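Heads up: the structure comes next, in structure tokens.
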There are 2 protein chains.
Amino acid sequence: MIFSKRCLHALRAVLYLGTQPPERDFIPIREISKKLDIPFHFLTKILKDLADKGFIESSRGAAGGIRLAKPTAELNVKEIIESIEGEDYFSGCILGFSKCDSDNPCALHDRWVAIKEEIQKMLGEEHLEVLSTRIQEQGLRLLEM
Amino acid sequence: MIFSKRCLHALRAVLYLGTQPPERDFIPIREISKKLDIPFHFLTKILKDLADKGFIESSRGAAGGIRLAKPTAELNVKEIIESIEGEDYFSGCILGFSKCDSDNPCALHDRWVAIKEEIQKMLGEEHLEVLSTRIQEQGLRLLEM
DNA sequence: CTAATTGCAGACAAAGTTGTCTTAATTAAA
DNA sequence: TTTAATTAAGACAACTTTGTCTGCAATTAG
Ligand code: SF4
Ligand code: SF4
């Protein structure tokens with residue numbers, strides 16, 4: 001499994017938000033927790049992170065909850081993953097080195113850069129709007145079967 | 001960073017073995033540990049795993065150490081990574097689900113499958129033999145700079 | 001045989017990730 | 001204004017990963 005639990009929970013939660021009918025405003029975290037079977041308090045922390053990073057907004061109190069902070073067309077899978085796993089998750093060195101002279105690359109570098117660019121390109125194209133459409137057409141599996 | 005420390009250590013160690021002159025037989029783990037700055041006992045455990053999985057062979061005692069168990073042409077980066085991170089590391093579900101009906105895929109599936117196949121193809125082509133040649137030509141960076 | 005050298009095994013510790021619980025702060029509605 | 005609903009905050013626990021330490025087992029050299 002490539003992504004951490006934090007990341008998987010975050011992805012599924014955001015996808016859940018993206019598939020809610022537009023007339024719904026704030027969605028309680030408890031609802032997401034139950035529907036997606038994610039530990040409530042853990043999910044709360046994860047979503048607080050996403051809120052701090054500007055992906056979602058929250059409101060306390062009755063009728064409170066969370067909602068996407070941007071239109072779905074401006075949210076893609078790549079930036080959500082990177083905000084959780086780290087900005088260099090798809091762009092760092094394959095050997096885990098932090099400082100490296102890419103002008104004088106090692107034997108693995110070129111191949112690795114090609115993979116990374118492919119991943120980033122593909123995930124970057126996946127905005128929630130496109131996904132929402134496809135989810136309406138095909139359904140989205142958000143729970144273990 | 002996509003890979004665990006275990007995996008990075010294993011990769012670097014195997015690459016180190018692959019770049020040793022052929023007249024060297026068993027290489028002491030201590031040497032690898034020092035040269036690559038990897039904790040000795042941790043590395044020992046990791047390499048024991050690789051030995052159990054048939055990638056390397058070991059010999060105790062004076063003049064002992066480890067060596068690759070197969071010709072470099074038959075060892076590629078993909079199988080080493082998968083042996084450590086798990087066989088489904090590049091083939092599992094993007095949402096982390098274990099059981100899923102791929103005949104009736106969700107909205108993310110097709111794109112994800114394309115990425116995974118690309119990764120597996122590229123990493124599967126990287127056998128140590130090719131790398132060794134390139135390493136002789138270009139050098140391989142095995143240490144943080 | 002003895003001694004030196006090496007990998008092997010397992011207990012343990014440190015650090016990071018994942019998850020639980022309790023309490024406080026905030027908001028809307030009765 | 002009270003009450004119920006909800007996020008926020010932080011302490012803590014369970015688990016996993018990463019790393020350390022000590023001693024044992026096997027091999028070679030002398
Ligand atoms: S040149 Fe090699 S070591 Fe440096 S960033 Fe690229 S893959 Fe990593
Ligand atoms: S169909 Fe969706 S949930 Fe199922 S394996 Fe593919 S990506 Fe995962």
Side-chain angles (χ1 to χ4, degrees), chain A residues 1-14 16-17 24-69 81 83-86 89 96 144, chain B residues 1-14 16-17 24-69 81 83-86 89 96 144:
Chain A
M1 187 182 334
I2 288 198
F3 303 121
S4 66
K5 298 269 187 177
R6 284 187 78 82
C7 188
L8 295 175
H9 294 339
L11 269 180
R12 294 206 292 141
V14 168
Y16 183 83
L17 289 181
R24 298 198 66 184
D25 194 10
F26 288 107
I27 312 233
I29 298 179
R30 184 121 254 152
E31 170 185 332
I32 306 176
S33 160
K34 281 179 183 162
K35 286 285 179 57
L36 303 188
D37 193 27
I38 300 172
F40 174 70
H41 289 95
F42 191 23
L43 181 57
T44 294
K45 288 185 204 170
I46 297 168
L47 293 176
K48 180 61 169 54
D49 278 0
L50 290 186
D52 290 342
K53 284 161 183 161
F55 292 116
I56 63 178
E57 295 166 342
S58 63
S59 168
R60 292 180 172 185
I66 61 166
R67 68 184 171 198
L68 294 177
I81 294 172
S83 87
I84 298 213
E85 302 290 18
Y89 191 66
E144 184 93 44
Chain B
M1 186 183 335
I2 288 196
F3 303 121
S4 67
K5 298 271 187 178
R6 281 188 81 82
C7 187
L8 295 176
H9 293 339
L11 270 179
R12 295 208 290 142
V14 169
Y16 183 83
L17 290 181
R24 297 200 67 184
D25 193 10
F26 288 107
I27 312 237
I29 298 179
R30 184 119 254 153
E31 170 184 332
I32 306 175
S33 161
K34 280 180 182 162
K35 285 284 178 60
L36 303 187
D37 194 28
I38 299 172
F40 174 71
H41 289 95
F42 191 23
L43 181 57
T44 294
K45 288 185 202 170
I46 296 168
L47 292 176
K48 181 59 169 54
D49 278 359
L50 289 186
D52 290 341
K53 283 161 184 161
F55 292 115
I56 63 177
E57 295 166 341
S58 64
S59 167
R60 292 181 173 186
I66 60 165
R67 67 182 173 200
L68 294 176
I81 293 173
S83 87
I84 297 211
E85 303 291 16
Y89 190 65
E144 184 94 44

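Throughout, protein chains are lettered first and strands after them, A, B, ... in sequence-line order, and every chain is numbered starting at 1. Only a predicted model underlies this, so the values are computations on that prediction, with no experimental measurement involved.
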- Go along nucleotides 14-22 of chain C 5' to 3' and tag each nucleotide: B for a protein heavy atom under 4.0 Å from its base, S when only backbone or sugar atoms are that close, - otherwise. ----SBBBB

- Query: Phe40(A): what forms a ring pair (Phe, Tyr, Trp, His ring centres under 6.0 Å) with it, not counting sequence neighbours?
  - Reply: none

- Task: Find the distance Arg30(A):CZ to dA8(D):P and express it as a whole number of Å.
- Result: 14 Å

- Message: Just so I know, are the side chains of Val14(A) and Phe55(A) near enough to count as touching, which here means a heavy-atom distance under 4.5 Å?
- Response: no

- Sub-3.5 Å donor-acceptor pair from the side chain of Ser33(A) to the main-chain atoms of Ile38(A), do we have one? yes

- Message: Between Lys48(B) and dA9(C), is there a contact of a side-chain N or O with OP1 or OP2 at under 4.0 Å?
- Response: yes

- Less than 4.5 Å apart, any side-chain heavy atom of Leu17(B) and any of Ile27(B)? yes

- Task: May I have the distance from Glu31(B) (atom CD) to dT5(C) (atom P), rounded to whole angstrom?
- Result: 15 Å

- Message: To check you understand the geometry: which heavy-atom pair defines the closest contact between Ser4(A) and Glu85(A), and what is its length?
- Response: N-OE2, 2.8 Å

- Message: Can you tell me how the ring of Tyr89(A) sits relative to the ring of Phe3(A), calling it parallel under 30°, perpendicular over 60° and tilted otherwise?
- Response: tilted

- Go through residues 57-69 of chain A and report each residue with a non-hydrogen atom lying under 4.0 Å from DNA chain D, sorted by number. Ser58(A), Ser59(A), Arg60(A), Gly61(A), Ala62(A), Gly64(A), Gly65(A)

- Query: Whole-Å distance between dG7(C) P and Ile46(B) CD1?
  - Reply: 14 Å

- Message: For Ile66(B) and Ile32(B): C-alpha separation, side-chain torsions, deciding distance, then whether side-chain contact (heavy atoms from CB on, under 4.5 Å) applies.
- Response: CA-CA 10 Å; Ile66(B) 60 165; Ile32(B) 306 175; 3.7 Å; yes

- Item | CA sep, side-chain torsions, deciding dist, call: Lys48(A), Asp52(A), salt bridge (charged side-chain N to carboxylate O under 4.0 Å, His left out) | CA-CA 6 Å; Lys48(A) 180 61 169 54; Asp52(A) 290 342; 2.8 Å; yes

- Task: Find the distance Ile56(B):CD1 to dG7(C):C1' and express it as a whole number of Å.
- Result: 11 Å

- Message: If I take atom CD1 in residue Ile38(B) and atom P in nucleotide dG19(D), what distance separates them, rounded to the nearest angstrom?
- Response: 9 Å

- Atom-pair distance (CD1 on Ile29(B); P on dA25(D)), nearest Å: 18 Å

- Decide side-chain contact (heavy atoms from CB on, under 4.5 Å) for Leu47(A) and Leu50(A); before the verdict, give the C-alpha distance in whole Å, the side-chain angles of both, and the deciding distance to 0.1 Å. CA-CA 5 Å; Leu47(A) 293 176; Leu50(A) 290 186; 4.0 Å; yes

- Task: Starting at atom CG of Asp49(B), determine the distance to atom C1' of dT17(D), rounded to an integer number of angstrom.
- Result: 13 Å

- Task: Would you kindly give the CD1-to-P distance between Ile27(A) and dA5(D), to the nearest whole Å?
- Result: 18 Å

